[in-house]
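Both counts, for ligands and for their atoms, begin at 1 and track the order of listing. Counting from 1, the numbers follow the sequence of the chain as shown.
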Amino acid sequence: MTTLFISDLHLSPQLPKTTDCFVKFMREEAIHADALYVLGDLFEFWIGDDDPSPFAAQIKQEFLTLTQRGVDTYFIQGNRDFLLGKRFCKATGITLLDEHTVIDLYGKKAVILHGDTLCTDDVRYQKFRAKVHMPWLQWLFNRLPFFTRQRIANKIQGDIKEVKSSKSLDIMDVNQNEVEALLRETGTDLMIHGHTHRPGTHEFSVQGQPATRIVLGDWYQQAQY
Ligand code: LP5
Ligand code: MN
């Protein structure tokens with residue numbers, strides 16, 4: 001009985017070692033699991049399912065092989081791959097889940113999400129997020145040629161880097177009230193997310209009942225699942 005959770009791999013053609021770790025994980029670990037949940041930021045950037053690169057094809061092939069072997073595979077978009085969509089899922093056999101989703105983990109309910117929506121103290125990010133999630137803007141963006149989108153994404157990323165480096169670490173962590181509100185709203189006492197790159201297990205109580213929040217780690221140094 002194994003269900004695996006990963007997030008924040010930040011795969012890119014520039015980091016071949018991380019891609020190797022991912023391939024090894026898919027072929028040696030995920031293949032034996034009942035299910036695999038990818039909780040966002042699988043990619044450093046994903047600007048459209050029509051990515052023509054051999055890198056994109058390689059990653060898709062790993063997922064296709066896994067789902068064809070019968071491992072149920074699910075994906076929740078992160079803040080870096082929120083444009084991953086239906087076409088990617090169709091090509092790989094994975095299932096796209098809502099921003100936050102309640103799953104049944106061998107009889108235990110858990111709410112899973114990327115985690116960026118919990119960082120409500122980061123007001124500038126939340127405003128940015130609301131903009132890039134506007135359906136009409138995404139519709140327009142998706143209709144631009146792939147390489148134009150790539151140029152726009154690079155420009156935005158460059159502009160934002162400085163903004164991020166001026167933020168305090170506190171602001172970029174989850175807001176505890178937000179965490180508790182989501183647990184109450186979903187009627188769960190277990191939450192699993194990534195995004196903050198601060199792996200750990202947090203125990204606390206919500207309305208007098210014990211609750212747990214598990215944070216997944218990133219893959220910059222090693223595979224974490
Ligand atoms: O991922 P991480 O940890 O490095 O940082 C995140 C937040 N940053 C982001 C930005 C992404 O990395 C960049 C994604 C670019 C993809 C291209 C999209 C193409 C447009 C599509 C249009 C449909 O998510 C960071 C958080 C951090 O997590 C911790 O939570 O702090 O947030 C920021 O740094 C964002 C700034 O605070 C916002 C600055 C606004 C600048 C305005 C730029 C122009 C916007 C144009 C919108 C179309
Ligand atoms: Mn993230």
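Note: no N/O pair closer than 3.5 Å links Lys131 and ligand 1 by distance alone. For the pair Gln138 and ligand 1, the shortest N or O to N or O distance does not fall below 3.5 Å.
Judged by distance alone, the side chain of Thr67 and the main-chain N or O of Thr92 form a donor-acceptor pair under 3.5 Å.
Of the protein's non-hydrogen atoms, the one nearest atom 10 (C) of ligand 1 is Phe128 CE2, 3.8 Å. Counting only heavy atoms of the protein, atom 41 (C) of ligand 1 lies nearest to Ile160 CG1, 4.0 Å. Nearest protein neighbour of atom 19 (C) of ligand 1, counting heavy atoms only, is Phe141 CZ, 3.7 Å. Taking atom 14 (C) of ligand 1 as the reference point, the nearest protein heavy-atom neighbour is Phe45 CE2, 4.0 Å. Nearest to atom 5 (O) of ligand 1 among the protein's heavy atoms is Lys164 CD, 3.7 Å. Shortest contact from atom 11 (C) of ligand 1 to any protein heavy atom: Gln157 OE1, 3.8 Å. Summary of contacts: the protein heavy atom closest to atom 17 (C) of ligand 1 is Ala153 CB, 3.7 Å. For atom 7 (C) of ligand 1, the nearest non-hydrogen atom of the protein is Tyr125 CD1, 3.6 Å.
Near Met172, meaning under 4.0 Å from any of its heavy atoms, are these atoms of ligand 1: 29 (C), 31 (O). Near Arg124, meaning under 4.0 Å from one of its heavy atoms, ligand 1 places the atoms 37 (O), 38 (C). Shown in contact with Val163 at under 4.0 Å from a heavy atom are these atoms of ligand 1, numbered in order with element: 36 (C), 37 (O).
To the nearest 0.5 angstrom, Tyr74 atom OH is 11.5 Å from Ile94 atom CD1. Note: Gln207 CD to Glu180 CD = 9.0 Å, rounded to the nearest 0.5 Å. For the atom pair SG of Cys119 and CD of Gln126, the computed distance is 7.0 Å after rounding to the nearest 0.5 Å. Atom CG in Leu144 sits 5.0 Å away from atom CD1 in Ile152 (nearest 0.5 Å).
Heavy atoms of His195 approach ligand 1 to within less than 4.0 angstrom. Using a 4.0 Å cutoff on heavy atoms, Asp159 does not count as a contact of ligand 1. Within the structure, the closest approach of Ile152 to ligand 1 does not fall below 4.0 Å when heavy atoms are considered.
Distance check for Asn79 against the Mn ion (ligand 2): an N/O/S atom falls below 2.8 Å.
At a heavy-atom distance under 4.0 Å, no atom of Lys127 approaches ligand 1. By the criterion of a heavy-atom distance under 4.0 Å, the side chain of Arg80, and not its backbone, is placed next to ligand 1.
The nearest protein heavy atom to atom 44 (C) of ligand 1 is not closer than 4.0 Å.
Here the N, O or S atom of Asp41 that is nearest to the Mn ion (ligand 2) is OD2. Atom ND1 is the N/O/S atom of His195 found closest to the Mn ion (ligand 2).
The closest side-chain heavy-atom distance from His195 to Val174 is not below 4.5 Å. Side-chain atoms of Gln157 and Lys161, non-hydrogen and from C-beta on, do get closer than 4.5 Å to each other.
Salt bridge absent: Lys24 and Asp20 never bring a charged side-chain N and a carboxylate O closer than 4.0 Å. Look at Arg80 and Asp8 and you find no salt bridge, because none of the NZ, NE, NH1 or NH2 atoms lies under 4.0 Å from a carboxylate O.
When all heavy atoms are compared, the tightest approach of Phe141 to Arg149 is O-CD, 3.2 Å.
Across Phe43, Trp219, Tyr220, Trp46, a single residue satisfies ring pair (Phe, Tyr, Trp, His ring centres under 6.0 Å) together with His10, and that is Tyr220. When Gln68, Gln61, Arg69 are each tested for a side-chain hydrogen bond (donor to acceptor under 3.5 Å, both in side chains) with Thr65, only one passes: Gln61.
No close placement of the Phe22 and Tyr225 rings is indicated, their centers lying 6.0 Å or farther apart.
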